[in-house]
Amino acid sequence: MNSEFTNRIMEAGVVGAGGAGFPTYVKLAAKAEYIIVNAAECEPLIRVDQELLLHHTNDILEGLTGIIQETGAKKGYVAIKAKHTEVIDCLKEQLKDSENIELFLLEDFYPAGDEQITVYEVLKRVVPKGGIPLNVGCIVCNVETILNVNNAARGKTVTTTYVTITGDVKTPATFCLPIGMSYKEALALCGVETLTGKVGIDGGPMMGKIISDFELPITKTTKAIILLDQNSSLIENKTKGNEQVLKQSKIACIQCQKCTDLCPRDLLGHNVKPHLVMRIANYGLSDFLGMKTALGCSECGACELYACPNGLSPRKVNIMIKKELIAAGISIDKDGEQKSISEMIEYRKIPVKRLIERLGLKEYDRCAPLKNIECNVKKVVIPLKQHIGTLAKSVVEKGMIVSEGMLIGEIENGQMGACIHASISGMITEVSNESITIETREDTI
């Protein structure tokens with residue numbers, strides 16, 4: 001049975017704000033030795049964590065304290081890159097009398113924010129392949145997730161998300177935006193007047209997803225909108241089709257193994273071998289064990305956007321193989337032999353500055369300060385699934401008047417999922433199996 005603390009988090013609809021949207025109440029129902037606040041923000045160009053820690057320091061530390069108490073942890077760590085000196089000075093001032101929260105300073109490498117890498121850096125413990133940080137006694141939470149937990153403890157539901165808007169925009173900035181607002185409206189806040197010839201990325205340049213339609217809504221897990229020219233090398237790489245990926249691989253893969261040499265999960269001893277998967281794809285070999293290494297891929301993109309000298313896409317090939325294996329009911333072998341950590345792990349960290357250069361994004365590596373604005377959005381389309389788990393069930397009907405923060409989608413029959421709330425006040429104008437549309441009315445403003 002959930003405690004009052006976790007019930008409030010569940011009712012508020014808190015999910016992991018920096019990843020796939022894992023329901024936070026499930027994560028915090030466990031007991032752990034350590035809590036790690038993942039403030040690494042290793043993806044280039046994103047500034048959300050830095051801005052939140054600078055402007056909402058007390059709220060975040062209060063949320064972390066609540067989580068430590070709830071889980072029985074003996075210590076909490078804020079893992080942040082040493083280069084963020086202004087934020088670190090602010091945290092040090094607030095933590096000078098703390099007995100159970102410490103800062104842990106990370107090097108500036110990619111992917112320092114992969115939670116399994118973060119756990120290794122902070123605790124020198126290796127999460128087993130196919131496992132989670134709790135397997136080694138810790139829970140990892142994103143900065144905004146901690147802030148949302150603290151808000152939930154005070155009775156505030158999740159109706160907004162913090163988003164860095166950057167790339168080919170006039171004035172990069174970070175905003176607190178209502179969930180369900182369109183990408184197009186969000187970009188307009190940074191002076192974007194036309195989207196002709198432009199392509200967006202939801203998330204970071206390494207793991208973010210291509211925005212297929214700028215009229216689509218932002219969600220609880222949207223942390224960045226990066227606008228780039230459609231002909232940029234990064235966009236060309238990320239929009240390659242599977243057929244093109246396989247064709248290029250067969251032509252140009254020289255089996256140099258650099259993709260495996262720099263694979264963060266393989267360096268941890270998880271036996272992820274993208275070069276073997278490429279070999280199988282190229283030559284049609286029936287190497288089942290080699291294929292299964294794809295299941296351990298974290299899809300960080302280090303292999304295709306940094307390691308490969310020929311600009312190939314081992315990550316995409318891994319994803320193709322993973323889908324086929326999962327469809328066949330084959331899962332990662334959690335009980336298999338765990339290899340030793342590579343002795344090269346400290347020497348094969350990818351420097352973020354060099355990564356930015358490789359991605360062709362140096363001109364966009366700019367500050368994106370948090371701006372407080374009054375965002376008068378007239379319409380939001382709120383997806384009923386912004387999280388891992390089951391689709392939320394609508395509890396409203398077309399024509400109903402709702403206020404900001406009101407429950408509009410709930411978890412059904414005790415299944416894992418997340419509650420959904422109205423991000424603006426207005427009238428429900430459409431309810432489908434996938435989303436709920438709210439539009440403002442003069443008499444509800």
Intermediate values then yes/no, side-chain contact (heavy atoms from CB on, under 4.5 Å), E430 and K398: CA-CA 6 Å; E430 187 176 346; K398 185 175 180 179; 5.7 Å; no

K198 vs D168, salt bridge (charged side-chain N to carboxylate O under 4.0 Å, His left out): CA-CA, chis, key distance, verdict: CA-CA 9 Å; K198 304 296 181 184; D168 192 9; 2.3 Å; yes

Residues T174, I165; criterion side-chain contact (heavy atoms from CB on, under 4.5 Å); working and verdict: CA-CA 6 Å; T174 299; I165 300 175; over 6 Å; no

side-chain contact (heavy atoms from CB on, under 4.5 Å) evaluation trace for I36 with E115: CA-CA 9 Å; I36 301 176; E115 69 174 11; over 6 Å; no

From CA spacing to verdict: side-chain hydrogen bond (donor to acceptor under 3.5 Å, both in side chains), S3, E70: CA-CA 9 Å; S3 67; E70 177 67 18; 2.6 Å; yes

Evaluation steps, side-chain contact (heavy atoms from CB on, under 4.5 Å), between I321 and L295: CA-CA 8 Å; I321 299 293; L295 292 168; over 6 Å; no

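Geometrically, K124 engages Y120 in a cation-pi contact defined by less than 6.0 Å to the ring centre and at most 45° from the axis.
Judged by distance alone, the side chains of T164 and T166 never bring a donor and an acceptor atom under 3.5 Å apart. Between the side chains of T57 and Q94, no donor-acceptor pair of N or O atoms lies under 3.5 Å. In this model, no donor atom of one side chain and acceptor atom of the other lie less than 3.5 Å apart for T159 and T157. Under 3.5 Å, the side chains of E404 and S423 contain no donor-acceptor pair of N or O atoms. Side-chain atoms of T222 and D202 include a donor-acceptor pair closer than 3.5 Å. With 3.5 Å as the limit, one finds a donor-acceptor pair spanning the side chains of K223 and T161.
Closest approach of I345 and L267 over heavy atoms only: CD1-O, 3.8 Å. Pairing each heavy atom of V15 with each of A418, the nearest pair is CG1-CB, 3.5 Å. Nearest heavy atom pair, residue T293 against residue V272, reads O-CG1, 3.7 Å. The two residues D108 and K81 come nearest to each other via the heavy atoms OD1-NZ, 3.1 Å. Taking every heavy atom of both residues into account, A392 and G409 meet most closely at CB-C, 4.1 Å. In terms of heavy atoms, I424 sits closest to P178 at CG2-CB, 4.3 Å.
Looking at M181 and V377, their side chains come closer than 4.5 Å, going by heavy atoms from C-beta outward. For the pair D49 and H84, the minimum side-chain heavy-atom distance is 4.5 Å or more. Counting heavy atoms from C-beta outward, L52 and V48 have side chains that approach closer than 4.5 Å. Side-chain contact between L361 and L228: present, with at least one pair of heavy atoms (C-beta onward) separated by less than 4.5 Å. Contact annotation: the side chain of I235 never approaches that of D229 to less than 4.5 Å [non-hydrogen atoms, C-beta and beyond]. Between F5 and L28 there is a side-chain heavy-atom pair separated by less than 4.5 Å. Side-chain contact check for S425 versus S403: some heavy-atom pair is nearer than 4.5 Å. You'll find the side chain of H387 reaches within 4.5 Å of the side chain of K385, heavy atoms only.
Salt bridge annotation for E33-R125: present, with a cationic side-chain nitrogen under 4.0 angstrom from a carboxylate oxygen. In this structure, K74 does not pair ionically with E99, as no charged nitrogen and carboxylate oxygen lie closer than 4.0 Å. In this structure, R315 pairs ionically with E304, as a charged nitrogen and a carboxylate oxygen lie closer than 4.0 Å. Salt-bridge check for K349 with E107: passed, with a basic side-chain N closer than 4.0 Å to an acidic carboxylate O. Contact check on K379 versus E185 returns no salt bridge, with no Lys/Arg side-chain nitrogen under 4.0 Å from an Asp/Glu carboxylate oxygen. A salt bridge does not link K129 with D266: none of the charged nitrogens is closer than 4.0 Å to a carboxylate oxygen. The pair E41-R47 does not meet the salt-bridge criterion, since no charged nitrogen lies less than 4.0 angstrom from a carboxylate oxygen.
Under a 3.5 Å cut-off, the side chain of N135 and the backbone N or O of I132 do form a donor-acceptor pair. Checking side-chain atoms of Q386 against main-chain N and O of K220 turns up a donor-acceptor pair under 3.5 Å. A donor-acceptor contact shorter than 3.5 Å links the side chain of T118 to the backbone of D114. R8 contributes no side-chain N or O that, together with a main-chain N or O of A152, makes up a donor-acceptor pair within less than 3.5 Å. A donor-acceptor contact shorter than 3.5 Å links the side chain of N150 to the backbone of D59. Remark: side-chain polar atoms of K75 are not paired, donor with acceptor, to backbone N or O of I68 under 3.5 angstrom. A donor-acceptor contact shorter than 3.5 Å is absent between the side chain of T437 and the backbone of T429. A donor-acceptor contact shorter than 3.5 Å is absent between the side chain of Y25 and the backbone of A12. A donor-acceptor pair is defined here as one N or O able to donate and one able to accept, closer than 3.5 Å; no such pair exists between the side chain of Q116 and the backbone of V126. Remark: the backbone N or O of C297 is not paired with any side-chain donor or acceptor of H270 at under 3.5 angstrom.
With rounding to the nearest 0.5 angstrom, the NZ atom of K184 is 12.5 Å from the CG atom of L216. Distance check: E4 CD to E11 CD gives 9.0 Å after rounding to the nearest 0.5 Å. Expressed to the nearest 0.5 Å, how far OH of Y110 lies from CG of L262 amounts to 12.5 Å. Interatomic distance, T85 OG1 to K92 NZ, rounded to the nearest 0.5 Å: 9.5 Å. To the nearest 0.5 Å, the span separating CE on M10 from CD1 on I411 amounts to 5.5 Å. Rounded to the nearest 0.5 angstrom, I420 CD1 and I408 CD1 are separated by 7.0 Å.
More than 12 heavy atoms of other residues, nucleotides or ligands shown are found within 6.0 angstrom of NZ on K240. Remark: K323 NZ is loosely packed, at most 12 non-hydrogen atoms of other residues, nucleotides or ligands lying under 6.0 Å away. Within a 6.0 Å radius of CZ in R354, no more than 12 heavy atoms belonging to other residues, nucleotides or ligands are found. Within a 6.0 Å sphere centred on CG of N433, other residues, nucleotides and ligands contribute 12 heavy atoms or fewer.
Aromatic ring pairs are classed by plane angle as parallel below 30°, tilted from 30° to 60° and perpendicular above 60°; the pair Y77 and F104 is perpendicular.
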